[in-house]
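Remarks on the structure that follows.
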Amino acid sequence: MCQSSNKHIPLTGLPKDEVLSQLNQFSETDVDFKKGRIWSLVYYLGEEHDQFLKEAYSTYFSQNGLNPLAFRSLKKMESEVIRMTANLLNGDQDVCGTMTSGGTESCLLAVKTYRDYAHPSIKKPEIILSSSAHVAFDKAAHYFNIKPVRIPLDQDYRMNTQLVKKKINRNTICIIASAPSYPHGIIDSITALGEIAQKHRVPLHVDACLGGYLLPFVERLGYPIPKFDFRVPGVTSISADIHKYGYAAKGASVLLYRNIDYLQSQFFISEDWPGGVFASPTLLGTRSGGAFAAAWAVLHYLGEQGYLEKAQDIMQTTQKIQKGITAIQGLELVGEPMMSVFAFTSNDKKVNIYAVADRLELRGWHIDRQHKPECLHGMVMPSHKQIADQYLTDLKQSVAEVRANPSYSYQNGAAMYGMISRVPLRHMVKKQILMMYKQLYGAHTIFPDEQSMSIEKTTKQKSGLLNKVTPLLLKAFLNHTKNKRR
Ligand SMILES: *Cc1c(COP(=O)(O)O)cnc(C)c1O
């Protein structure tokens, strides 16, 4: 499939049609998300919805949300999205916030806000979060020089609240909970955490990036959902990704605070810069007007009724798939997921779950593997309704094949993931991934294929173990990208 790559800006511009046709060709090698054989990355509602989002987006395509006074239209949209989301999450009149470019920006900002909100005597700030809280908080800790204190999960895969109490100290700037967590789809005990947070006077951020626009509707449909939003005393902020289950265009998330006392610590103002007095509400400078417009538009277009209908479809399909999984001998869910996100694992020594993933990928599914515990990830969209039966059939066959062929557990992805889930090999993974990234982003490769990502190039170390892992890692990585190109 190797296509020639363009290395120079063409001397004279090419015809519009030719450029667009090239663009379209590139996507031929991508994962085919429109058929729904994927359980992450895209929240696709179909061509009609996409077309609507594109129209809304392009209406404010050139506008910039950096300066709220220049484009009042965007500030109005932002304020309305914030207000509607605050109401959805049961915030009172004081709840306020900003739109951001995505969940990661919301998570980064929440941590930065609480660092600056904390008493200036705190010189070594710490955040307390569960081991399953989103990795974006590690990124935040890494960027902002904050110590992440990861709390193990309890037997229900929730953050262990007893340990939270023990770990709070005078350096704690906030507690972070998930509603639900990305890896297992489990909602932390937000009410208990709210009590702890209030008692110790530390802020509590609820990462509802996944659940913010879905849980309220699932609750209205009558499913048992523990309270996770501003109804819980002690919750001081919530992040909710409107570009996930809000079905907006990518590049939009919402970050809400209980009141302006918290939000004001988020703002950045510089009065000395030669470019003039500069103020910025969020992490980015230029903010895409299109993302604001599409987010505003989708709330109005779908309405509560639309969100409820999607939630109904999603939950029915989720329950069907979960029932189907647990009916397959050797498989079980990880904990008791309450929304549309879940993980499942093997409880049978003869069924290596990573080998099951390999077999599913051979059948054209794009599978996300997780570790600790070793499991596969699922995230249901309305479109999965049509392919749930096919998925369960393929899953059942895959499990049977793995059971009948022990060697599958020592091949391909299964071998690689089996190895990296074991210490000390895990420590080497970081090095290996760094090398892979250096190849991916280095000056000489546009997109690596098996030749350009030669194993020799990446293994200068003498370690025998490393030499074993590297080829497997590369192979699994390349298999992965190949699967994506189906
Ligand atoms: C997706 C997600 C994030 C990060 O959001 P991005 O939009 O991918 O940057 C953070 N927290 C949770 C729970 C998520 O699911």
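Index from 1, following the sequence. Counting convention: from 1, in listed order, for ligands and their atoms alike.
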Checklist entry - Could an N or O of ligand 1 be found under 3.5 Å from any N or O of E105, whether backbone or side chain? => result no

Next on the checklist: Is there a polar contact between ligand 1 and D207, counting only N or O atoms under 3.5 Å apart?
Outcome noted: yes

Item to check | Nitrogen or oxygen atoms of G103 and ligand 1 under 3.5 Å apart | outcome: yes

Checklist entry - Just by distance, do the side chain of Q370 and the backbone of L376 share a donor-acceptor pair under 3.5 Å? => result no

Checklist entry - Among side-chain atoms of S130 and R158, is any donor-acceptor pair under 3.5 angstrom? => result no

Checklist entry - Would a distance-only check, ignoring hydrogens and angles, find a side-chain to backbone donor-acceptor pair under 3.5 Å from R287 to M99? => result yes

Item to check | Close-contact set for ligand 1 against D241 heavy atoms, below 4.0 Å | outcome: 1 (C), 5 (O), 7 (O)

Item to check | Heteroatom distance test (T104, ligand 1): nitrogen or oxygen, under 3.5 angstrom | outcome: yes

Checklist entry - What do we get for A136 next to ligand 1 when only non-hydrogen atoms under 4.0 Å count, side chain, backbone, both or neither? => result neither

Checklist outcome for this item: A student checking ligand 1 against Y182 at a 4.0 Å heavy-atom cut-off should list atoms 15 (O)

Checklist entry - Is the F52 to Y301 ring centre distance short of 6.0 Å? => result yes

Next on the checklist: Measuring only between side-chain heavy atoms, which start at C-beta, is L108 closer than 4.5 Å to F144?
Outcome noted: yes

Next on the checklist: Just to confirm my output: which protein heavy-atom neighbour is closest to atom 10 (C) of ligand 1, and how far is it?
Outcome noted: H134 CG, 3.3 Å

Checklist entry - Quick check, are the ring centers of Y391 and H384 under 6.0 angstrom apart? => result no

Item to check | salt bridge (charged side-chain N to carboxylate O under 4.0 Å, His left out) partners for R258, two or more places apart | outcome: none

Next on the checklist: Looking at non-hydrogen atoms alone, which of K244, H243, K139 comes nearest to atom 2 (C) of ligand 1?
Outcome noted: K244

